[in-house]
Asker: 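The following block contains the structure, expressed as structure tokens.
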Amino acid sequence: MTRAILLCLTLALATPACTGAQHRTATVAIVTAGGAVAALHSAHQDAYRRATDALLARGLRDADYDAAVAPLDAAFARRSEAIQTLASAVYGAGAVADAAKERGGAAYVVAARALLDALRRGVATLREGSALPPVAIPADVTRVMDQLAAIAGGA
Amino acid sequence: MDQDTIEILKLAFTIGARIAEAAMAAMRAGDTSTLDALRGVLDAPELLRARDIALRESQRAKARRGSKP
């Protein structure tokens, strides 16, 4: 996360000025994206809970459960890491927005693009059906991505 | 307020009241930082990780003999 924030701050210092309205829109978009990532995390947990409850419903216990849950746990860990990376990107974009507010830079465009890329990667990982079924991506996440694409210039 | 900001606020409201409230707070120029507003809607990455570990262990605990699913 520290690395992401440092990168974003560097970008913030290197970009030209923007208007207050643009900055405000970008700030609200970043906070809204944060809410969307929180919704993604809940959907990711729901997918794991349903899959492991299904094992329990089959009567698997102790060593039998441990053997059956191992591939699910591996997939869950991969998705968990993807969401942590995504959350880091959101906080990195927030740091950029704050730096731009104080320095008058248009770094929000770079931040929106970086956040959009992170969301695309994160959503792709969560959609992969492996040992766990694909995570149902909330529609609001797609709409947040559309808003970020508009801010980032149709990226 | 410009149209883009109105659109993103409408979207924030569809996600949830807490998100919209944080987004509105973020809009008020100068009295809050984006990072502060974010902390109100999204846990830090390390906290998300901890919550996932807690869920995994909670499910595992149910699988121990004698526990009810």
Side-chain angles (χ1 to χ4, degrees), chain A residues 1 20-39 41 44-45 48-49 52-53 55-57 59-62 64-66 69 73 76-77 79-81 83-88 90-91 93-98 101 138-141 143-144 146-147 150-151, chain B:
Chain A
M1 180 168 177
Q22 288 168 322
H23 177 263
R24 192 169 56 234
T25 302
T27 296
V28 174
I30 290 166
V31 174
T32 305
V37 171
H41 183 252
H44 146 75
Q45 287 209 323
Y48 178 79
R49 192 179 291 108
T52 48
D53 279 347
L55 297 181
L56 295 168
L60 298 181
R61 295 290 183 275
D62 297 331
D64 293 335
Y65 176 87
D66 290 346
V69 85
D73 280 352
F76 185 60
R79 290 177 176 183
S80 179
E81 194 172 326
I83 289 183
Q84 290 163 49
T85 301
L86 191 44
S88 295
V90 173
Y91 276 99
V96 171
D98 285 346
K101 185 161 60 180
D140 295 322
V141 173
R143 293 176 61 197
V144 166
D146 290 343
Q147 293 281 352
I151 292 167
Chain B
M1 193 185 303
D2 59 288
Q3 192 60 34
D4 286 345
T5 304
I6 291 170
E7 287 303 314
I8 195 75
L9 272 176
K10 278 158 59 179
L11 174 57
F13 271 106
T14 69
I15 296 178
R18 197 166 59 105
I19 310 302
E21 190 179 323
M24 293 288 282
M27 257 188 56
R28 288 195 289 270
D31 64 352
T32 186
S33 78
T34 312
L35 287 176
D36 284 343
L38 272 175
R39 286 185 196 105
V41 299
L42 177 65
D43 288 335
E46 50 273 23
L47 195 51
L48 293 175
R49 177 174 181 270
R51 287 177 55 199
D52 284 348
I53 291 171
L55 173 61
R56 190 190 66 206
E57 292 310 312
S58 158
Q59 293 298 89
R60 193 179 296 279
K62 290 183 194 172
R64 296 299 156 231
R65 296 266 179 218
S67 299
K68 287 186 179 176

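By convention in this document, chain letters (A, B, ...) are assigned in the order of the sequence lines, proteins followed by strands, and residues within each chain are numbered from 1.
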Asker: Just verifying a value: how many Å separate T34(B) OG1 and D98(A) CG, rounded to the nearest 0.5 Å?
Answerer: 4.0 Å
Asker: Could you check D43(B) against H41(A) for side-chain contact (heavy atoms from CB on, under 4.5 Å), going step by step and ending with a plain yes or no?
Answerer: CA-CA 10 Å; D43(B) 288 335; H41(A) 183 252; over 6 Å; no
Asker: How close do L38(B) and V31(A) get, heavy atom to heavy atom, and via which atoms?
Answerer: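 So the two residues come closest at CD2-CA, 3.8 Å.
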Asker: Determine whether R51(B) and Q45(A) satisfy the following criterion, side-chain contact (heavy atoms from CB on, under 4.5 Å), listing intermediate values before the conclusion.
Answerer: CA-CA 9 Å; R51(B) 287 177 55 199; Q45(A) 287 209 323; 4.0 Å; yes
Asker: Taking everything shown except R49(B) itself, do over 12 heavy atoms lie less than 6.0 Å from its CZ?
Answerer: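 Open: at most 12 neighbouring heavy atoms sit under 6.0 Å from CZ of R49(B).
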Asker: Going from NE2 on H44(A) to CG on L48(B), what distance comes out if it is rounded to the nearest 0.5 angstrom?
Answerer: 8.5 Å
Asker: Taking only residues two or more places apart in sequence, or in another chain, which ones meet D52(B) in a salt bridge (charged side-chain N to carboxylate O under 4.0 Å, His left out)?
Answerer: none
Asker: Residues two or more places apart in sequence or in another chain: which of them pass side chain to side chain donor-acceptor pair (under 3.5 Å) with R60(B)?
Answerer: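 R60(B) satisfies side chain to side chain donor-acceptor pair (under 3.5 Å) with D66(A), D73(A) once adjacent residues are dropped.
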Asker: V69(A) versus chain B, heavy atoms under 4.5 Å apart: side chain, backbone, both or neither?
Answerer: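 Side chain of V69(A) only, per the 4.5 Å heavy-atom cut-off to chain B.
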Asker: Donor-acceptor pair, distance only, cut-off 3.5 Å: does the side chain of Q59(B) make one with the backbone of Y48(A)?
Answerer: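 No, the answer is negative, given that no donor and acceptor are paired below the 3.5 Å cut-off.
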Asker: Taking all non-hydrogen atoms of both residues into account, name the closest pair between Q84(A) and P45(B) and its distance.
Answerer: CG-O, 3.5 Å
Asker: Looking at L42(B), is its backbone amide N or carbonyl O close enough to the side chain of Y91(A) to form a donor-acceptor pair, meaning the two atoms are under 3.5 Å apart?
Answerer: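 It does hold such a pair.
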Asker: Which answer fits R79(A), side chain, backbone, both or neither, if we ask what part of it has an atom under 4.5 Å from a heavy atom of chain B?
Answerer: neither
Asker: Name the member of A38(A), A139(A), G34(A) that forms the most heavy-atom pairs with chain B at distances under 4.5 Å.
Answerer: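 Highest number of heavy-atom pairs under 4.5 Å: G34(A).
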